[in-house]
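Structure first, then comments.
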Amino acid sequence: MASSRVRKALIPAAGRGTRFLPLTKSVPKELVPIVSTPALEFVVTEASESGISDILVVLSQGKGAIADYFAPNHELEAALEAKGDTQGLASIRRLSSLAAIHQVEQLEPRGLGDAVAHGEQFAAGEPFAVLLPDDLIDERDELLGRMLEVQAEYGGIVLALLDVPRSEISKYGSIAPVDGADPDAEVVAVADLVEKPAAKDAPSTLAIIGRYILPPEIFSALRQTKPGAGGEIQLTDAMRRLARSGTPVHGVVFRGRRYDTGDRLEYVKAVVQLAVRHPVIGTDFAAWLREYVSGLE
Ligand code: UTP
C-alpha cells in the first residue's frame, strides 16, 4: 500500500519537562541550548532536510518563548544589520526559511497521545511525521528520510527503533517483531507494541525512539484510547489499536548516533559531543577538553 508523499510534521513541545526543573519552571526544555542552538531547532532542521514543508509545534500555555523563537524579530534584525553582524543575522533568518511553522496549544499535558491528537486539523487527512525534540539524531546519520521511504513503500505506521540493553527497555515503548523476522534486518515488520514493559516481559530489546510516521487514522484511534500509565494518553496504545485492526506497522532500526537531551546526563554528553564538532569553537574546545580530562583523577 504505497501512499502520498509526507510533507507535514508535528513536534510536541507541551510537556512539563520535570527532569529539568528548576529551569523548566520558566524556560521550555525544548529551548535548552546545545552550545547556542536550541534542541528544537535541530529537530526542525532535520525535518526540513527530509523534505517536510509544514510543521505544527504543540505548545503549552507557559511556552510563549517557543512561539517568540520562531516569530521574526525585525528590531533585532535591524540592529544586527546596522552592526554588520551577518552571521548573527543569518542565524536568526534561517529559522523562517526551514519550513512554515504553525502552533497549537495543549491546555494540559495529558500525554504524548493527547499532544498528537491536537494535530488533526493540521494533518487534514494526510499522513504526517512526529518528531520528539528530546531525541537528536546526528546530522551525519539518516533516519527520518529512510522512514519516509519505508512509509512510501508500505503505508501505515513507521517507527524508529533502537536496539538497547534489556536493562534499559523499561524506559521506552517496545515492539514484538512478526514471527520469523530477521533480528538483524534494517526494516522490521511489527506485530505488536507495548509501552514501558518490565525487562523480563519485553517482547524484544528494540525500543521505540522519538520519530514516527503516522496515518490520519491515528486520530480516531486516539479518541478511543483511555488514559493509561500516569493518567496520560499514550501514543503507543493508539498505535497498537491500529496495528491490531490491520494497519501495517514497520520499524526502521537506527544504528547511528542519537542524543537524548531530555535526560540531564545524556544532555551534558550531547553538548560535549556537539561542541567538539562546532564550526567556531570546536577546535579550541577539543584542545581544552583533552587537557581537562587528562587532569581528572
Ligand atoms: P516527555 O515525557 O519526554 O517530556 O515527552 P516531559 O513530560 O516534558 O518531560 P519530563 O519527563 O517531565 O522531564 C516527550 C515530548 O512530548 C512532549 C514533551 O514536551 C516532549 O517534547 N509532550 C509530552 C507534550 O507535548 N505533551 C504532553 O502532554 C506530554
Side-chain angles (χ1 to χ4, degrees), residues 8-34 37-47 55-67 69-70 101-123 128-137 144 159-160 162 164 168-174 193 195-196 207-214 218-219 222-223 225-239 258-268 270:
K8 296 178 181 176
L10 179 150
I11 300 181
R16 288 204 168 96
T18 52
R19 285 168 293 170
F20 269 77
L21 282 170
L23 176 82
T24 43
K25 183 163 175 277
S26 67
V27 176
K29 78 166 174 184
E30 296 77 11
L31 293 185
V32 162
I34 315 295
T37 302
L40 184 59
E41 186 171 332
F42 281 100
V43 175
V44 169
T45 303
E46 178 192 337
I55 296 178
L56 179 71
V57 184
V58 182
L59 299 172
S60 62
Q61 258 177 336
K63 293 202 179 173
I66 293 181
Y69 189 72
F70 287 105
I101 309 281
H102 313 265
Q103 291 148 29
V104 67
E105 204 169 280
Q106 184 189 21
L107 289 178
E108 252 185 277
R110 295 180 60 225
L112 178 58
D114 183 61
V116 171
H118 282 69
E120 185 161 15
Q121 239 190 332
F122 168 75
F128 60 102
V130 173
L131 292 91
L132 304 194
D134 280 0
D135 269 334
L136 295 193
I137 300 300
L144 188 61
L159 304 170
L162 190 72
V164 300
E168 286 179 25
I169 195 71
S170 58
K171 291 199 292 191
Y172 298 90
S174 178
L193 306 93
E195 183 64 16
K196 300 194 170 72
I208 302 171
I209 58 168
R211 301 290 180 272
Y212 309 80
I213 316 285
L214 299 172
I218 195 71
F219 297 110
L222 281 165
R223 269 193 290 278
T225 302
K226 303 244 160 4
E232 297 195 340
I233 297 178
Q234 303 289 345
L235 181 60
T236 305
D237 293 346
M239 293 193 296
R258 164 205 179 235
Y259 312 101
D260 175 6
T261 61
D263 175 88
R264 284 179 298 186
L265 177 60
E266 296 303 315
Y267 165 74
V268 175

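A quick note: this is a predicted structure, and the numbers were derived from the prediction, not measured. Every number for a ligand or one of its atoms is a count from 1 in the order of the listing.
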State the CD1-CG distance between Ile209 and Asp134, to the nearest 0.5 angstrom.
12.0 Å

Mind jotting down which protein residues get a heavy-atom contact under 4.0 Å with ligand 1? Chain and number order, please.
Pro12, Ala13, Ala14, Gly15, Arg16, Gly17, Thr18, Arg19, Lys29, Glu30, Gln106, Pro109, Arg110, Gly111, Leu112, Ala115, Pro133, Asp134

Let me confirm one number: the CD-OH distance from Glu266 to Tyr259, rounded to the nearest 0.5 Å.
11.5 Å

Under the 3.5 angstrom rule, does the side chain of Lys8 hit a backbone N or O of Phe122 as a donor-acceptor pair?
yes

Going from CZ on Arg16 to OG1 on Thr24, what distance comes out if it is rounded to the nearest 0.5 angstrom?
11.0 Å

One should read off an interatomic distance between Leu235 CG and Leu112 CG, to the nearest 0.5 angstrom, of 5.0 Å

Check Arg223 with Glu120, please: is the shortest side-chain N to carboxylate O separation under 4.0 Å?
yes

